[in-house]
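Heads up, the thing below is written out as structure tokens.
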Protein chains: 2
Amino acid sequence: MTPKARDLLQKQERSASVVGFEEAVVDFFVDAADLLGVPKSVAVLYGIVFASPQPLSFAEIQARGTLSKGSVSQGLRVLREMGAIKEVSAPADRSELFTPDLEMRRLIQRFLEQRLEKQLAAGKSRLGALQRALPDLEKSHAETLRSRLEQLQSWHEKARALLPIARTFLKLAPG
Amino acid sequence: MTPKARDLLQKQERSASVVGFEEAVVDFFVDAADLLGVPKSVAVLYGIVFASPQPLSFAEIQARGTLSKGSVSQGLRVLREMGAIKEVSAPADRSELFTPDLEMRRLIQRFLEQRLEKQLAAGKSRLGALQRALPDLEKSHAETLRSRLEQLQSWHEKARALLPIARTFLKLAPG
DNA sequence: CGCCACGTTCAACAAAAATTGAACGGATAT
DNA sequence: ATATCCGTTCAATTTTTGTTGAACGTGGCG
């Protein structure tokens, strides 16, 4: 296959409706990006892959023209590590093709565990430090502050308790 | 009251233990800051106010030396708007003093509503656009894509359903 | 009234995060 | 072997976000 032929293949006309759909999907994920704390480029990538009926090659993705080669490479790696996309081997060509992997559900679950669990762990040790700092305070102050600290602790426990609930909940129904 | 006298008052010795406690509280909130999506300076401010047994004046807060006048001013405004702190009038002096306002619970609740609700609303309209883009696609493609779209919708509904649950849950128990 | 203390605003600055592209390395075809 | 195609890496750059401080009101006090 000559370079030229491959080039044509990559640029194969995508109908306006397909392009429109892709753009809408990309927008959707870009919106969601900051909630999930991922850079925009990663959201764009995922949108492109998610919106494609067939698996896409690196070249095809890059050909969308939104992102530089470097960003595509890094972004795909991030998505693979997150389990958001996977590689499938192409029948004809040797190059790998990308397609969405885990369902939303698992992705979100993983997100919850990683981001929130870490946060909670950090919080816990901070609270320990506070606990320890408390006894040295004068009486008058200690009272108010102890109650504030309790607020923090109570909040922390609730957050921890909520997590498994959310987990369970997200398992319900197909998705 | 001469400036000098006031100055002394502001710098009144805070015992090492009080300072230590404050630092620990500040650290706690700084940690939490990025989860909540607020800038560090705001977290620091809230920590300072939260860790203080008495309400603090603008000058006292600034005297902690961590933040510039501008940041203190802006940050206090943000916190007031969030309902995280409130002003109480000082008995002696005319200047206003700051103290924590809403309990954690309400703050978090508000946070959930503002950040997530907005997100969900945006998502909803995006999904509408996708819905509309779908019918124009060819058969072969439409099948896969329709199913992907359904995934998105299902996810969206679940998130929406989870919100009230979280709300209820956070109301349980004092805090 | 004019001065001063107190806060606010906002344009300049600094820090952090994301993006790019040029240099590199490994695999395949010639 | 050598050339070439693909993709990765990473330092430089751009963009975004947060912070600062100087200039500017505002209200109280002499």
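It should be emphasised that the depicted structure is a prediction, and the values quoted were computed from it without experimental measurement. Below, chains carry the letters A, B, ... as their sequence lines are ordered, and counting in each starts from 1.
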Practice task
Between D/dG18, C/dT20, D/dT20, spot the one nearest the side chain of A/Ser71, thanks.
Solution key: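 From the listed options, C/dT20 comes nearest.
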
Atom [atom1] of [X]: over 12 foreign heavy atoms under 6.0 Å:
X: A/Glu113; atom1: CD; answer: yes
X: A/Glu117; atom1: CD; answer: yes
X: A/Arg106; atom1: CZ; answer: no
X: B/Arg80; atom1: CZ; answer: yes

Would you tabulate the side-chain donor-acceptor contacts of residues 66-74 of chain B under 3.5 Å, counting partners in other chains and residues two or more places apart, or write 'none'?
from: B/Ser68; atom 1: OG; to: B/Ser71; atom 2: N; distance (Å): 3.2
from: B/Ser68; atom 1: OG; to: B/Ser71; atom 2: OG; distance (Å): 3.3

Exercise for the section: Compare side-chain N and O positions of A/Ser41 against OP1 and OP2 of C/dA18 and report whether any pair is under 4.0 Å apart. Expected result: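 For C/dA18, OP1/OP2 do not have a side-chain N/O of A/Ser41 under 4.0 Å.
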
Would you mind reporting whether [Y] and [X] have side-chain heavy atoms less than 4.5 Å apart?
X: A/Leu130; Y: A/Arg126; result: no
X: B/Leu76; Y: B/Ile61; result: yes
X: A/Val38; Y: A/Val78; result: no
X: A/Leu56; Y: A/Thr99; result: no

Each nucleotide N or O in nucleotides 7-9 of chain C that has a protein N or O under 3.5 Å away: list the pair and distance.
from: C/dG7; atom 1: N7; to: B/Lys69; atom 2: NZ; distance (Å): 3.3
from: C/dG7; atom 1: O6; to: B/Lys69; atom 2: NZ; distance (Å): 3.4
from: C/dT8; atom 1: OP2; to: B/Ser73; atom 2: OG; distance (Å): 2.8
from: C/dT8; atom 1: O5'; to: B/Ser73; atom 2: OG; distance (Å): 3.4

Practice task
Rounded off to whole Å, could you give me the CZ-to-P distance for the B/Arg64 and D/dT19 pair?
Solution key: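 Those two atoms, CZ and P, are 19 Å apart.
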
Practice task
Could you check how far CD of B/Glu60 sits from C1' of C/dC6, rounded to whole Å?
Solution key: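 Roughly 14 Å, once rounded to whole Å.
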
Practice task
Classify the side-chain pair B/Ser57/B/Glu60 by whether it contains a donor and acceptor separated by less than 3.5 Å.
Solution key: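 Per modelled atom types, B/Ser57 and B/Glu60 side chains form a pair under 3.5 Å.
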
Practice task
Using the ring pair (Phe, Tyr, Trp, His ring centres under 6.0 Å) rule, collect all pairs that involve residues 50-80 of chain A, keeping only residues at least two apart or in two chains.
Solution key: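 As it turns out, the ring pair (Phe, Tyr, Trp, His ring centres under 6.0 Å) pairs with a partner in residues 50-80 of chain A, which skip direct neighbours, are A/Phe29-A/Phe50, A/Tyr46-A/Phe50.
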
Practice task
Using a strict 4.0 Å threshold on nitrogen-to-oxygen distance, state whether B/Glu22 and B/Arg14 make a salt bridge.
Solution key: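 Yes, this pair counts.
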
Exercise for the section: State plainly whether the residues B/Arg77 and B/Glu81 are in salt-bridge range, i.e. N to O under 4.0 Å. Expected result: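 B/Glu81 and B/Arg77: salt-bridged.
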
Completion exercise
A correct 5'-to-3' footprint of nucleotides 12-17 of chain C, with B, S and - meaning base, sugar-phosphate only and no protein heavy atom under 4.0 Å, is ------

Strictly under 3.5 Å: I want the nitrogen or oxygen pairs between protein and nucleotides 15-17 of chain D, one per line.
none

I'd like a table of atom pairs between the protein and nucleotides 12-14 of chain D - only N or O on both sides, under 3.5 Å - with the distance next to each one.
none

